[in-house]
Amino acid sequence: MAGVRPPVAATQTHEPDPYLEYLRQRWEEGEYTATVLHQEIVAKGYRGHYQRVKMAIAPLRRGLPIDTPRERPPSPRQVARWITTAPSRRGLHAAEALGRLLEHCPELDRTHDLVRQFAAMLDAHDAAPLTDWLRTGRDARLRRTAPVERRLHHLGTTPQSSR
């Protein structure tokens, strides 16, 4: 296998991604042992753990094509940060990733809309739309808006408290 070399930029990396084509080729040649494959790419500059190689070739064991490098799913904390950050302050990556999430999750999309509406009220120092905002949240059947509404009612900040 002297003829197969990873790209120059792949030397001294902890990620197996630059070596995926090499791993696929070795698999097709009959080398199915993750330990051996790991040793081979270590000799070529890979500095990552054996477990990453084992995970990289797992699709091959199931008869699937080897995965191309992919993005790790965002954590709930990261998604919350994207939602609460003003759109004008989001980076391109965050804006694109959030857009993909909102396309696939209608409840998260509704939550995002409510958060942005609430932020607009805060930015404008205007509580007038609050009652409509609470009603929209209640009508959207989002679980987390009911406690907010109860607390605001208790504090006497919604029109319902004047009844």
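Just so we're clear, the structure is a prediction, and the values are computed from it rather than from any experiment. All values below come from the heavy atoms of this structure, side chains included, with hydrogens, waters and symmetry mates left out.
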To the nearest 0.5 Å, what is the distance between [atom1] on [X] and [atom2] on [Y]?
{"X": "Leu108", "Y": "Trp82", "atom1": "CG", "atom2": "CH2", "result": "10.5 Å"}
{"X": "His112", "Y": "Leu101", "atom1": "NE2", "atom2": "CG", "result": "10.5 Å"}
{"X": "His38", "Y": "Ile41", "atom1": "NE2", "atom2": "CD1", "result": "6.5 Å"}
{"X": "Thr33", "Y": "Arg26", "atom1": "OG1", "atom2": "CZ", "result": "9.5 Å"}
{"X": "Asp17", "Y": "Arg52", "atom1": "CG", "atom2": "CZ", "result": "8.5 Å"}
{"X": "Arg89", "Y": "Thr84", "atom1": "CZ", "atom2": "OG1", "result": "11.0 Å"}

>> Could you go through Trp27 and Ile66, starting from their C-alpha distance and side-chain angles, then the distance that decides it, and tell me whether this counts as side chain to side chain contact (heavy atoms under 4.5 Å, CB included)?
In response: CA-CA 10 Å; Trp27 185 273; Ile66 197 163; over 6 Å; no
Salt-bridge criterion met for [X] and [Y] (N-O under 4.0 Å):
{"X": "Arg135", "Y": "Asp132", "value": "yes"}
{"X": "Glu103", "Y": "Arg100", "value": "no"}
{"X": "Arg24", "Y": "Glu28", "value": "yes"}

Are [X] and [Y] linked, directly or through other ILVMFWY residues, by side chains that come within less than 4.5 angstrom of each other?
{"X": "Leu60", "Y": "Tyr50", "result": "no"}
{"X": "Leu122", "Y": "Leu130", "result": "yes"}
{"X": "Leu23", "Y": "Tyr32", "result": "yes"}
{"X": "Leu98", "Y": "Val115", "result": "yes"}

> Run the side chain to side chain contact (heavy atoms under 4.5 Å, CB included) check on Leu37 and Glu31 step by step: do they pass?
Replying inline: CA-CA 7 Å; Leu37 293 171; Glu31 182 53 67; 3.6 Å; yes
> Tyr19 and Glu40: side chain to side chain donor-acceptor pair (under 3.5 Å), yes or no, with the steps?
Replying inline: CA-CA 10 Å; Tyr19 300 95; Glu40 289 178 8; over 6 Å; no
> Do the side chain of Arg116 and the main chain of Ile83 share a donor and acceptor less than 3.5 angstrom apart?
Replying inline: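 Yes.
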> Do the rings of Phe118 and Trp133 sit parallel, tilted or perpendicular, given the 30° and 60° boundaries?
Replying inline: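 Tilted: the ring planes of Phe118 and Trp133 meet at 30° to 60°.
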> Stepwise, does the side chain to side chain contact (heavy atoms under 4.5 Å, CB included) test hold for Asp126 with Met121?
Replying inline: CA-CA 5 Å; Asp126 181 12; Met121 285 187 281; 5.6 Å; no
>> Restricting to non-hydrogen atoms, name the atom on Ala56 and the atom on Pro59 that form the minimum distance, rounded to 0.1 Å.
In response: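 So the minimum-distance heavy-atom pair works out to O-CD, 3.4 Å.
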